[in-house]
Amino acid sequence: MNQPIIKPQTLRGFRDFLPETMIPRLQIIEAAREVYSRYGFSPIDTPALEYSEILLGKGGDETDKQLFRFTDQGDRDVAMRFDLTIPFARFAAQHINQLGTPFKRYHIAPVWRGERPARGRFREFIQCDFDTIGTESLAADIETLLVVHDLLEKLDVGEFTIRINHRQLLNGLLEQLGLLEHSKLLLRALDKLPKIGAEAVVKEMVETTGVDSAQGEQVLELASLQGDPATVLDKARGMITTSELGKTALAALTEITETCAAIGIKSGRLALDLSIARGLDYYTGLIFETFLADLPDMGSISSGGRYDNLAGLYTKQKLSGVGGSLGLDRLLAALEELGRLDAAATTSKVLIARFVENRLADYQKMSRMLHQSGIASEVFPEAKNLGKQLKYADKKRIPLALIAGDDEFANDQWQLKNLAQGTQQTLKSADVPGAVLKELAGA
RNA sequence: GUGCCCGUAGCUCAGCUGGUUAGAGCGUCGGAUUGUGAUUCCGAAGGUCGCGGGUUCGAGUCCCGUCGGGCACCCCA
């Protein structure tokens, strides 16, 4: 009869979520959904599993190694998606004729990467992506920045800065210097600027690409420009003299920043930072990262950019687009450090104490009356002593309790107790929902 | 994938150069108290010391492996 106990454990890099962490997660997801759909982005979903050939070779060797890949029961070579962009490319190639362009979608879903877990890095995590495809208009680039801006504003994370750059600006300079062939390695080195400093970046450039250090420093000089958009752009114009690529990029950045200013985006929230290069290879135009003023070390909590020909691997139709992604787990870590997280373990706002055993119907009736007023409430399942029941409410951070015993029932009355303030009032049952709403508004 | 650090109760940790039966605080559960929680008092449960092997008369302690966690690379949200 003695069955051996199976050790309860989760896989490395995979997590359980208890209510107190799941509730804020859902709040962030809800905020993202609200802002995305406010701008007309439509929800989509795609399968967790794809044919391996769909995913392989799309993010570089690194992501291939990180792929969870196996053979299914039908002997198919399959893999779990490691981001939402590649599946979206496949999705777009497959359905664009029914969708029409431009097409705007958002996709909030888990992705999987078999990489080594670290702080804020997991093997299963949620991405909150949104993209506009099928238009090369800068209007879409601008809208992308506005979505990020509005979302962060809604999430109440304090001040933040969206730092933008343009891939072709650096490529333009590289073109002038005759170094375009090394752009990938140079950009990768540049990306480390804040971490390892100017000297080390130049050193890495020289070592990995064979450029001379004067060229490296010139690249770095352009990349070091940051701050107020108008000033930075002026200086950049002085450096980009012959490259058409670079000039196009400057024009794009000028239009983007001037339009955002005209819309009324608070100055300081949008900055040019020519050192932002992004690790991913597929960006071709605007690129951006977002940092919190209070927690700059947290890294970018929302990033993205413009890419050409997203679905080129799956269709001959050219689909360029622009989009971004919200780093849910990083953002959550940030909110936690900033003390902006509710520790509530339930969404209940009212606990109805079950005090008299044979009055369950009356308690449930009251609960349903509250539900009809949009108030989350629950009846304690057992007729335990009142102290136990209030203790339960306290532990779950339920702010209010309703108590009625024989005395109250005889007079159609309820006691409404505010747990945080320790105050209590006696009410006619018809007045309870109104009083509850008032207490919740005050708390 | 490489290098370094760390695994003792649900959590945070103590446990001496290897030496009887591994402790504390917090939390949990029960009671004081079926008409009032977060404060107080009493009591209880909870551990194959991550797991496996080795050295030893004897291992939480030393060695190896493995799994898990953290940090730095790499990469990334």
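Order of the sequence lines sets the chain letters (A, B, ...), proteins ahead of strands, with each chain counted from 1.
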Parallel, tilted or perpendicular, as decided by the 30° and 60° cut-offs, for the rings of A:Y307 and A:Y283: tilted
Rounded distance in Å - CD (A:Q389) to P (B:U33): 18 Å
Pair assignment for B:G58, Watson-Crick or G-U wobble, requiring both distances under 3.5 Å: none
N/O (side chain, A:K384) to phosphate O (OP1/OP2, B:G30) under 4.0 Å: yes
Please report, rounded to the nearest Å, how far the C1' atom of B:C29 is from the CD atom of A:E382. 13 Å
base_contact_polar (B:C76 base, A:R113 side chain, donor-acceptor, <3.5 Å): no
What does A:I403 touch in the nucleic acid at a heavy-atom separation under 4.0 angstrom: a base, only the sugar-phosphate, or nothing? base
B:A72 -> Watson-Crick or G-U wobble partner, both distances under 3.5 Å, gives B:U2
Can you check the A:R121 CZ to B:C74 P distance for me, whole Å? 11 Å
Could you please name the option among B:A77, B:G35, B:U28 that lies closest to any side-chain atom of A:E408? B:G35
For A:A353, which contact category applies under a 4.0 Å heavy-atom criterion: base, sugar-phosphate, or nothing? nothing
Partner lookup for B:U34, please. Criteria are Watson-Crick or G-U wobble with both distances under 3.5 angstrom; report none if nothing qualifies. none
Applying a 4.0 Å non-hydrogen cut-off, can you work out what A:F122 is touching in the nucleic acid: base, sugar-phosphate, or nothing? base
Listed nucleotide nearest any side-chain atom of A:K395, set B:C75, B:G37, B:C29: B:C29
Classify the ring geometry of A:F88 against A:F103: parallel below 30°, tilted from 30° to 60°, perpendicular beyond 60°. tilted
In terms of relative ring orientation, are A:F130 and A:F41 parallel, tilted or perpendicular, with 30° and 60° separating the classes? perpendicular
Would you classify A:G324 as touching base, sugar-phosphate or nothing, given that sugar-phosphate means primed atoms plus P, OP1 and OP2, and contacts are heavy atoms under 4.0 Å? nothing
Looking only at side-chain atoms of A:N385, point me to the closest of B:C29, B:U34, B:G37. B:U34
Using the closest heavy atom to pick a nucleotide of RNA chain B for each, name whichever of A:G327 or A:T423 lands nearer the 5' end. A:T423
Taking CG from A:L18 and P from B:C11, how many angstroms apart are they, rounded to a whole number? 12 Å
If you check the A:D394 side chain, which of B:A38, B:G35, B:A77 turns out closest? B:A38
Does the gap between the ring centers of A:F380 and A:Y392 come in under 6.0 Å? yes
Is it true that A:E153 and A:R269 make a salt bridge, defined as a side-chain N closer than 4.0 Å to a carboxylate O? yes
Would you say A:K388 reaches B:G31's phosphate, i.e. side-chain N/O to OP1/OP2 under 4.0 Å? yes
Length of the line joining A:F14:CZ and B:G68:P, which is rounded to integer Å: 11 Å
Measure the distance from CG on A:L386 to P on B:A38 and round it to the nearest whole Å. 12 Å
Taking atom C1' of B:G31 as reference, at what distance in whole Å does atom NZ of A:K391 sit? 11 Å
Both A:Q127 and A:D406 contact RNA chain B. Which one's nearest nucleotide lies toward the 5' end? A:D406
Nearest to side-chain heavy atoms of A:R116, which nucleotide of B:G70, B:G37, B:U28: B:G70
According to the Watson-Crick and G-U wobble definitions, with both distances under 3.5 Å, which nucleotide is paired to B:U12? B:A24
Searching all strands shown, indicate the nucleotide that pairs with B:G65 (Watson-Crick or G-U wobble; both distances under 3.5 Å). B:C51
With both distances under 3.5 Å as the test, what is the Watson-Crick or G-U wobble partner of B:G43? B:C29
If we only count heavy atoms from C-beta on, is the A:P43 to A:H107 side-chain gap below 4.5 Å? no
Measuring to OP1 and OP2 of B:G69, would you say a side-chain N or O of A:R12 lies under 4.0 angstrom away? yes
Candidates B:U36, B:A77, B:G70 - which lies nearest the side chain of A:P117: B:G70
If you measure from the Lys or Arg side-chain nitrogens to the Asp or Glu carboxylate oxygens, is any gap between A:D329 and A:R25 under 4.0 Å? yes
Can you tell me whether the side chain of A:E357 and the base of B:U34 have a donor-acceptor pair closer than 3.5 Å? no
Interatomic distance, A:L67 CG vs B:G1 P [rounded to whole Å]: 15 Å
